[in-house]
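Starting from 1, each residue takes its place in the sequence as its number.
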Amino acid sequence: MNNVKPQYSRRAILKMGVMTATAAYAYVAVGISLSGKSWALTVKALDNKTANNLVNIARSIYPHPSLGDVYYAASVESIDAQAANDPALKKALTDGVANLMKDAGGDWNGLASSKQAELLQQVASEPFFQAVRGNMVVSLYDNPGVWPAFGFEGSSFEKGGYINRGFDDIQWLPTSGKEG
């Protein structure tokens with residue numbers, strides 16, 4: 001028979017298990033609460049300051065409080081990739097952001113949303129704004145990650161179509177009071 005005394009008692013093993021589970025829970029909870037902030041903007045053509053300012057400007061063009069900056073950053077990365085191959089676009093983006101930041105006094109987020117809208121309306125016909133707006137409408141809204149925020153489930157074809165999946169369950173539209 002083996003007369004070796006165990007190094008840990010059952011009580012010590014249970015305590016370690018509880019401590020490990022508590023630590024794991026804490027890591028998961030922190031990870032979940034920080035998940036919207038755990039991303040890095042990766043750009044090639046634009047400098048980081050211009051790209052970060054462009055994220056804030058893009059949020060003002062298409063404001064959705066429920067969306068994290070990560071989705072706007074993905075759109076900026078998309079237009080940055082285009083600018084890496086198009087010097088005219090790179091110049092338009094760099095100059096456009098610089099001019100808006102100058103008009104904003106260097107602090108875009110410090111402006112009231114009405115002032116941001118006013119500044120954006122002043123540049124709405126410029127190539128800079130048109131390029132950002134055109135890119136954003138595609139890169140932001142074609143991102144499957146944002147669809148749940150808008151109640152869109154994505155393509156229905158692969159799931160048998162809308163007819164059997166609640167095509168008429170649009171709770172977000174006001175009722176008209178008319179039958180028909």
Taking the side chain as every heavy atom from C-beta outward, state whether [X] and [Y] have any atom pair closer than 4.5 Å.
X      : Y      : value
Val146 : Phe152 : no
Leu119 : Gln122 : yes
Leu100 : Ile57  : yes
Trp108 : Met101 : yes
Leu140 : Leu67  : yes
Ile79  : Leu89  : yes

Distance-only, no hydrogens or angles: does the [X] side chain make a donor-acceptor pair with backbone N or O of [Y] under 3.5 Å?
X      : Y      : answer
Asn53  : Lys49  : yes
Tyr72  : Met136 : no
Asn143 : Ser139 : no
Glu77  : Val43  : no
Asn56  : Asn109 : no

* How are the rings of Tyr141 and Phe150 set relative to one another: parallel (under 30°), tilted (30 to 60°) or perpendicular (over 60°)? ->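 It falls in the tilted class, 30° to 60°.
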
* **Within 6.0 Å of OH in Tyr71, more than 12 heavy atoms from elsewhere** =>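 Open.
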
* Within a radius of less than 6.0 Å around NZ of Lys44, do more than 12 heavy atoms belonging to other residues, nucleotides or ligands occur? ->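 Check fails, neighbour count at 12 or below.
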
What's the shortest heavy-atom distance between [X] and [Y], and which atoms?
X      : Y      : answer
Ser155 : Lys159 : O-NZ, 3.8 Å
Arg59  : His64  : NH1-O, 3.1 Å
Leu41  : Asn48  : O-OD1, 4.4 Å
Leu93  : Ala83  : CD1-CB, 3.9 Å

How long is the gap from [atom1] on [X] to [atom2] on [Y], to the nearest 0.5 Å?
X      : Y      : atom1 : atom2 : value
Leu120 : Ile61  : CG    : CD1   : 5.5 Å
Asp47  : Thr94  : CG    : OG1   : 6.5 Å
Asp103 : Lys115 : CG    : NZ    : 7.5 Å

